[in-house]
2 protein chains.
Amino acid sequence: MPRAGLSWEKLIQAGAALADSEGFAALTLAALARQFDVKLASLYAHVRNSDDLKAGVALLALDLLAKWAESAVAGRAGKEAVVALAEAHRRFAGEHPGLFEAARFPLSAEQAAGSGGPRLARTMLAALRGYELSEADQVHAVRLLGSFFLGFSLLERSGSFAHSQPEPGQSWRRGLDALDVTFKNWKTT
Amino acid sequence: MPRAGLSWEKLIQAGAALADSEGFAALTLAALARQFDVKLASLYAHVRNSDDLKAGVALLALDLLAKWAESAVAGRAGKEAVVALAEAHRRFAGEHPGLFEAARFPLSAEQAAGSGGPRLARTMLAALRGYELSEADQVHAVRLLGSFFLGFSLLERSGSFAHSQPEPGQSWRRGLDALDVTFKNWKTT
DNA sequence: GCAAAAAACTAATATCATTAGGAAACCACT
DNA sequence: AGTGGTTTCCTAATGATATTAGTTTTTTGC
């Protein structure tokens, strides 16, 4: 019988798709083995263990998110850049729920350093260039922005906003307006 | 031989402690059975299944967080209330990492409705009473605040802030200052 | 075409979760 | 105190996932 032709990349790709369709919790070696019609143990030729697979998907998720962020910010500045960045985050959470969850899988220091995380941080810094903030304030602003993006997307997806009016999208835009004003008046506050 | 004297409450309590000390992922029926020196199957007299245990711990976590929030807000108003609420969240994440994670375990609609979640939301609304916001703006503000608390605590705990200066605590305070100003000037922005 | 490397397999072990059914402890009530 | 019923806990069996060791088979490079 011919080989299945697996590889690290194929497994991670399939794992990402599986996470998005079935949830990150459903991302198991056994499920992938079934999908490729291969015995479970065979996967160990390509992946160290289950956590290695999850870390791989996490790295892919961070890379993709960083990519989305980069193309959102490209060619924009000020509020326009911030809003585009925000939409990239929120759309990512909505269209790739599994990857969005995967992106919070704990990584080793080396893995994290080489991940899309730092790239994402740099992109967020770039988006804030139009606001004329000090070095330290830029970091504060990126953290504030990142916290809002992540927290809002999580709460929205978990249904925490589902039982109060008005619709979450309004709060989202209102929050972005507020952050824009905050960045514009940063020194004075 | 005498009985172990288990109960739903004891299991949930022990589960909460276990989650905090070993991580939410380590919260398993098998681990609790070992801890109480009881056979794994015996736990099914008190808990429907593994998810039931996790949901129970999640409910305890939300209750405790709501309690912390309530006592933080009690007797305070305006920025003082917001800051106290914020510190409650951040301390909770730091002192109860397992419960903080458990609080994001997906609950059924009925479970969520009876959880500390709605109480927490009401408490946050109360904390904003001093700012004179319209009904809808209060909701927007609560969502903005909640997103910041959750997102910041997550990113801080995950180490996302560890590789940039200044220290996260500064960004935290700076973010709260900014939110306070935002709420004060809400109508004008 | 052959030897080495890589990929896949079988087999064994461990942990966790779950259900079914039986035994023993506990409680309420006489 | 004894007895009946309820509840707790147990044993036993099954199935899913993960992991390692050792073996076979395919592929590939010379």
Side-chain angles (χ1 to χ4, degrees), chain A residues 1-60 98-99 101-102 104-108 111, chain B residues 1-60 98-99 101-102 104-108 111:
Chain A
M1 36 189 153
R3 285 190 188 171
L6 298 184
S7 67
W8 199 78
E9 287 75 18
K10 273 191 193 172
L11 285 179
I12 301 301
Q13 280 290 344
L18 182 59
D20 272 341
S21 59
E22 306 291 322
F24 188 66
L27 176 54
T28 64
L29 291 175
L32 283 186
R34 272 192 298 275
Q35 184 170 325
F36 285 109
D37 203 34
V38 147
K39 296 295 171 185
L40 172 52
S42 307
L43 299 183
Y44 285 81
H46 309 282
V47 174
R48 248 192 310 282
N49 52 37
S50 182
D51 272 7
D52 192 34
L53 167 69
K54 289 175 189 163
V57 173
L59 289 171
L60 182 151
L99 294 184
E101 210 182 333
R104 263 157 287 131
F105 184 80
L107 299 174
S108 73
Q111 286 175 322
Chain B
M1 33 187 156
R3 286 189 188 170
L6 298 183
S7 66
W8 198 78
E9 286 76 18
K10 274 190 192 172
L11 285 180
I12 300 302
Q13 281 290 344
L18 181 60
D20 272 340
S21 59
E22 305 291 323
F24 188 66
L27 176 55
T28 63
L29 291 174
L32 284 185
R34 272 191 298 274
Q35 185 171 323
F36 286 109
D37 203 33
V38 146
K39 295 297 171 182
L40 173 53
S42 307
L43 300 183
Y44 285 81
H46 307 283
V47 175
R48 247 190 312 281
N49 51 38
S50 182
D51 272 6
D52 192 33
L53 167 69
K54 289 175 189 163
V57 173
L59 290 171
L60 183 151
L99 294 184
E101 209 181 333
R104 262 159 286 130
F105 184 80
L107 299 174
S108 73
Q111 286 174 322

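A, B, ... follow the sequence lines: proteins, then strands. Residue 1 opens every chain. As the structure is a prediction and not an experimental result, all values here were calculated from the model.
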What is the distance from atom [atom1] of [X] to atom [atom2] of [Y], rounded to the nearest 0.5 Å?
| X | Y | atom1 | atom2 | value |
| --- | --- | --- | --- | --- |
| Ile12(B) | Lys54(B) | CD1 | NZ | 12.0 Å |
| Leu18(A) | Leu11(A) | CG | CG | 11.5 Å |
| Leu43(B) | Ser50(B) | CG | OG | 10.5 Å |
| Leu27(A) | Leu53(A) | CG | CG | 4.5 Å |

Calculate the interatomic distance between [X] atom [atom1] and [N] atom [atom2]; express it in whole Å.
| X | N | atom1 | atom2 | answer |
| --- | --- | --- | --- | --- |
| Leu43(B) | dT19(C) | CG | C1' | 14 Å |
| Glu9(A) | dA7(C) | CD | P | 11 Å |
| Trp8(A) | dA7(C) | CH2 | C1' | 18 Å |
| Tyr44(B) | dG21(C) | OH | P | 17 Å |
| Arg48(A) | dT20(D) | CZ | P | 11 Å |
| Lys10(B) | dT8(D) | NZ | P | 12 Å |
| Asp37(B) | dC10(D) | CG | C1' | 13 Å |
| Asn49(A) | dT19(D) | CG | C1' | 9 Å |

- Note on the structure: Between Trp8(B) and Asp52(B), the two heavy atoms sitting closest are NE1-OD2, 3.9 Å
- State which of dT19(D), dA17(C), dT17(D) makes the closest approach to the side chain of Ala30(A). dT17(D)
- Query: Between Arg34(B) and dC16(C), does any side-chain N or O lie under 4.0 Å from OP1 or OP2?
  - Reply: yes
- Kindly say if His46(A) contacts the phosphate of dA6(C), meaning a side-chain N or O under 4.0 Å from OP1 or OP2. no
- Item | Any N/O donor-acceptor pair, Arg3(B) side-chain to dT7(D) base, under 3.5 Å | yes
- Pairs in or reaching into residues 19-37 of chain A: which pass side chain to side chain donor-acceptor pair (under 3.5 Å), with residues at least two apart or in two chains? Asp20(A)-His96(A)
- Taking the side chain from Lys10(A) and the backbone from Gly5(A), do they hold a donor-acceptor pair closer than 3.5 Å? yes
Taking only nitrogen or oxygen atoms into account, show me every contact under 3.5 Å that the protein makes with nucleotides 11-13 of chain D, one pair per line with its distance.
none

